[in-house]
Number of protein chains: 2
Amino acid sequence: MIRIILAEDQAMVRGALVTLLGLEDDIEVVGEAASGPEAVAVARKTEPDVALLDVEMPGGDGITAAEEIRRVLPGCRVVILTTFGRPGYLRRAMEAGAAAFLVKDSPARELAAAVRRVRAGERVIDPGLAAAALSAGPNPLSGRERDVLAAAADGSTIADIALRLHLSEGTVRNYLSSAIGKTRTRNRVEAVRHAQAQGWL
Amino acid sequence: MIRIILAEDQAMVRGALVTLLGLEDDIEVVGEAASGPEAVAVARKTEPDVALLDVEMPGGDGITAAEEIRRVLPGCRVVILTTFGRPGYLRRAMEAGAAAFLVKDSPARELAAAVRRVRAGERVIDPGLAAAALSAGPNPLSGRERDVLAAAADGSTIADIALRLHLSEGTVRNYLSSAIGKTRTRNRVEAVRHAQAQGWL
DNA sequence: CCTGGGGCATGACAAATGTCAGCGTGAAGG
DNA sequence: CCTTCACGCTGACATTTGTCATGCCCCAGG
């Protein structure tokens, strides 16, 4: 019997996935969570063999949760589940010690299969995605550039960002400019979109 | 036996929801689709009692599909399923003749319940969401303002938009300006975000 | 010890953006 | 018939944004 927990914010898909996995003879869902921190707590309590974690969750993403779970329960394998197959996500997931990386538009049966293979010590990664992640190279943005770009994502003006990050407006402009350069885009908005698509934020 | 079809782009959650619904004694899933147009085609072929349609799908959204299905199969009830409980979505769904509107973060059991209630002639709408949709009022943007704002969403410059929509740059600026005014925001990006959050695009 | 990079700041300049006041059309409604 | 509103355009103006050069501090690597 493989004991697993599942973290996913949308209750309806969480419920559906839980029943789906519950139908498998060799899998037992011993816990559920709706956020990253909750997942860590549940993992602590239930000590599962495998943790399925969604990346996109409000209040702490799945990758951060993965790191913590790996630290607290080194024996627990982590499967990262995501809507978006972004290269940067994959990279970060691997660095966080994940054993598998699944995108939600692969068929449903893959999920149980991945759980079994991971339990058996294998790693499960989509080959095309792996290639994309490698060819894309690592995140070229410096820490501060990331901060500023992230702060710009919601349509904030330079003045807003400067205030929020305690920087001068000129500095914010400089960071944005260099981020635009590194993403090889034409303006803030494109830079933000590109960085998000690469999973750099 | 209630015959239903399900349209949802993410294969994994589609599969999970299908098995979930398949477990119900009185429900039979007779078709699946991964896009709006495909949903219409499947509905035509299978003539289901109820069609479950996701709003967010690439290549034709669920609400447009709902309209067409209602036209082709007046006896078929439509349930709209969505990740985001945006007031504008609800409004458009109702105008398209939907019988139910569910957000994916309500519990999984709601789904089968909604199918049954809809089949029985009831309408299923989250009360809080209905209130929000009413209090928010209708979409204040004119057709062209919507077009221009939508075209601006990807970070396009004024010149890009003008070219794409065959307008003068000044005209584009004017539409953007009035959209910014109507959304009571400070710039393009905020206007786009606000309009999207309201389901106006 | 020197160099390169990240971090932070100026100031100056060019380009893009946002605002306003107009002006004309045509379609819809009182 | 007159008004209103969406649509499309112009020109002028102020503000914001993006770019570039330059300077400083600190730290790590060769």
Side-chain angles (χ1 to χ4, degrees), chain A residues 88 91-92 95 136-201, chain B residues 88 91-92 95 136-201:
Chain A
R91 185 177 294 266
R92 279 193 279 154
E95 283 164 6
N139 186 343
L141 300 174
S142 79
R144 231 36 184 149
E145 284 161 359
R146 256 203 329 278
D147 295 343
V148 171
L149 206 52
D154 62 349
S156 294
T157 67
I158 303 251
D160 292 340
I161 302 171
L163 224 59
R164 192 152 12 131
L165 300 186
H166 307 289
L167 290 174
S168 107
E169 302 198 6
T171 305
V172 172
R173 284 226 286 274
N174 289 340
Y175 283 134
L176 277 177
S177 183
S178 80
I180 292 169
K182 286 182 179 177
T183 53
R184 295 198 277 165
T185 49
R186 293 174 302 167
N187 55 50
R188 238 188 275 210
V189 187
E190 285 190 348
V192 167
R193 292 177 68 83
H194 184 259
Q196 282 174 338
Q198 297 294 320
W200 290 344
L201 294 190
Chain B
R91 185 177 294 264
R92 278 194 280 154
E95 282 164 5
N139 185 343
L141 300 174
S142 80
R144 233 33 186 153
E145 284 161 358
R146 255 202 330 277
D147 295 343
V148 170
L149 206 53
D154 62 349
S156 294
T157 67
I158 302 253
D160 292 339
I161 302 170
L163 225 58
R164 193 154 10 131
L165 300 185
H166 307 291
L167 290 174
S168 110
E169 301 197 6
T171 305
V172 172
R173 282 226 286 272
N174 290 338
Y175 282 134
L176 277 178
S177 183
S178 80
I180 292 168
K182 285 183 179 175
T183 53
R184 296 198 275 167
T185 50
R186 294 171 303 166
N187 56 49
R188 237 187 278 205
V189 187
E190 285 190 348
V192 167
R193 291 178 68 83
H194 184 258
Q196 283 174 338
Q198 298 293 320
W200 290 343
L201 292 190

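Residue numbers begin at 1 in each chain, while the letters A, B, ... track the order of the sequences. Treat the numbers as computed from the prediction; the structure is a model and nothing was measured.
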message: If we check side-chain contact (heavy atoms from CB on, under 4.5 Å) with A:Leu165, which of these qualifies: A:Asp147, A:Thr171, A:Asp160?
response: A:Asp147

Pair B:Glu145-B:Ser178, side-chain donor/acceptor within less than 3.5 Å: yes

query: Going by heavy atoms in the side chains, are B:Thr183 and B:Gln198 under 4.5 Å from each other?
result: no

query: Once you round it to whole Å, what is the distance between C1' of D:dT15 and CD1 of B:Ile180?
result: 13 Å

query: Can you name the nearest heavy-atom pair linking B:Gly155 to A:Arg186, along with the distance?
result: O-NH2, 4.4 Å

message: Taking any heavy-atom pair under 4.0 Å as a contact, classify B:Gly143: base, sugar-phosphate, or nothing.
response: sugar-phosphate

- prompt: With the sugar-phosphate defined as primed atoms, P, OP1 and OP2, and the base as all remaining atoms, what B/S/- string results for nucleotides 24-30 of chain C, 5' to 3', for protein heavy atoms under 4.0 Å?
  reply: -------

task: Go through A:Thr185 and A:Arg193 one step at a time and tell me if the side-chain contact (heavy atoms from CB on, under 4.5 Å) criterion holds.
output: CA-CA 10 Å; A:Thr185 49; A:Arg193 292 177 68 83; over 6 Å; no

- request: Would you indicate which nucleotide in D:dC7, C:dG6, C:dG18 comes nearest to any side-chain atom of A:Ser142?
  value: C:dG6

Whole-Å gap separating C1' (C:dG18) and CD (B:Glu145): 15 Å

Contact list for DNA chain C against residues 184-201 of chain A - heavy-atom distance below 4.0 Å: none

field: Inter-axis angle, terminal five-pair segments of the helix from C:dC1-D:dG30 to C:dG30-D:dC1 [nearest 10°]
entry: 30°

query: Between A:Ala191 and A:Ile180, what is the shortest heavy-atom contact and its length?
result: CB-CG1, 4.0 Å

Heavy-atom closest contact (A:Asn139 atom, A:Trp200 atom, distance): ND2-O, 3.3 Å

Beyond-backbone contact of A:Ile158 with A:Leu176, side-chain heavy atoms, under 4.5 angstrom: yes

Donor-acceptor contact below 3.5 Å, side chain B:Arg92 vs main chain B:Gly199: yes

query: To the nearest 0.5 Å, how far apart are CZ in A:Arg144 and CZ in A:Arg146?
result: 10.5 Å

- request: Please report the closest heavy-atom contact between A:Val172 and A:Ala162, naming both atoms and the distance.
  value: CG2-CA, 3.7 Å

message: On a heavy-atom basis, which atom in B:Arg188 and which in B:Ala152 lie closest, and how many Å separate them?
response: CD-CB, 4.0 Å

task: Could you check how far CG of B:Asp160 sits from C1' of C:dA16, rounded to whole Å?
output: 12 Å

Sort me out a list of protein N/O and nucleotides 9-11 of chain D N/O pairs below 3.5 Å, or just none if empty.
{"unit_1": "D:dC9", "atom_1": "OP2", "unit_2": "B:Ser168", "atom_2": "N", "d": "2.8"}
{"unit_1": "D:dC9", "atom_1": "OP2", "unit_2": "B:Thr171", "atom_2": "OG1", "d": "3.0"}
{"unit_1": "D:dC9", "atom_1": "N4", "unit_2": "B:Asn174", "atom_2": "ND2", "d": "3.1"}
{"unit_1": "D:dT10", "atom_1": "OP2", "unit_2": "B:Ser168", "atom_2": "OG", "d": "3.1"}
{"unit_1": "D:dT10", "atom_1": "O4", "unit_2": "B:Asn174", "atom_2": "ND2", "d": "2.9"}

query: Rounded to the Å, how far apart are A:Ile161 CD1 and D:dT16 P?
result: 13 Å

query: Out of C:dG18, D:dG8, C:dG7, which has the shortest distance to the side chain of B:Arg144?
result: D:dG8

- line: From CG of B:Asp147 across to C1' of D:dA6 the rounded distance in Å is 12 Å

- prompt: Of the non-hydrogen atoms in B:Ile161 and B:Ser156, which two are nearest, and what is the gap between them?
  reply: CG1-CB, 3.9 Å

query: In whole Å, what is the span from the CG atom of B:Leu176 to the C1' atom of D:dT16?
result: 15 Å

statement: The correct set of residues in residues 148-159 of chain B placing a heavy atom under 4.0 Å from DNA chain C is B:Thr157, B:Ile158

message: Restricting to side chain to side chain contact (heavy atoms under 4.5 Å, CB included), what partner residues turn up for A:Ala159, sequence neighbours left out?
response: A:Thr157, A:Glu169

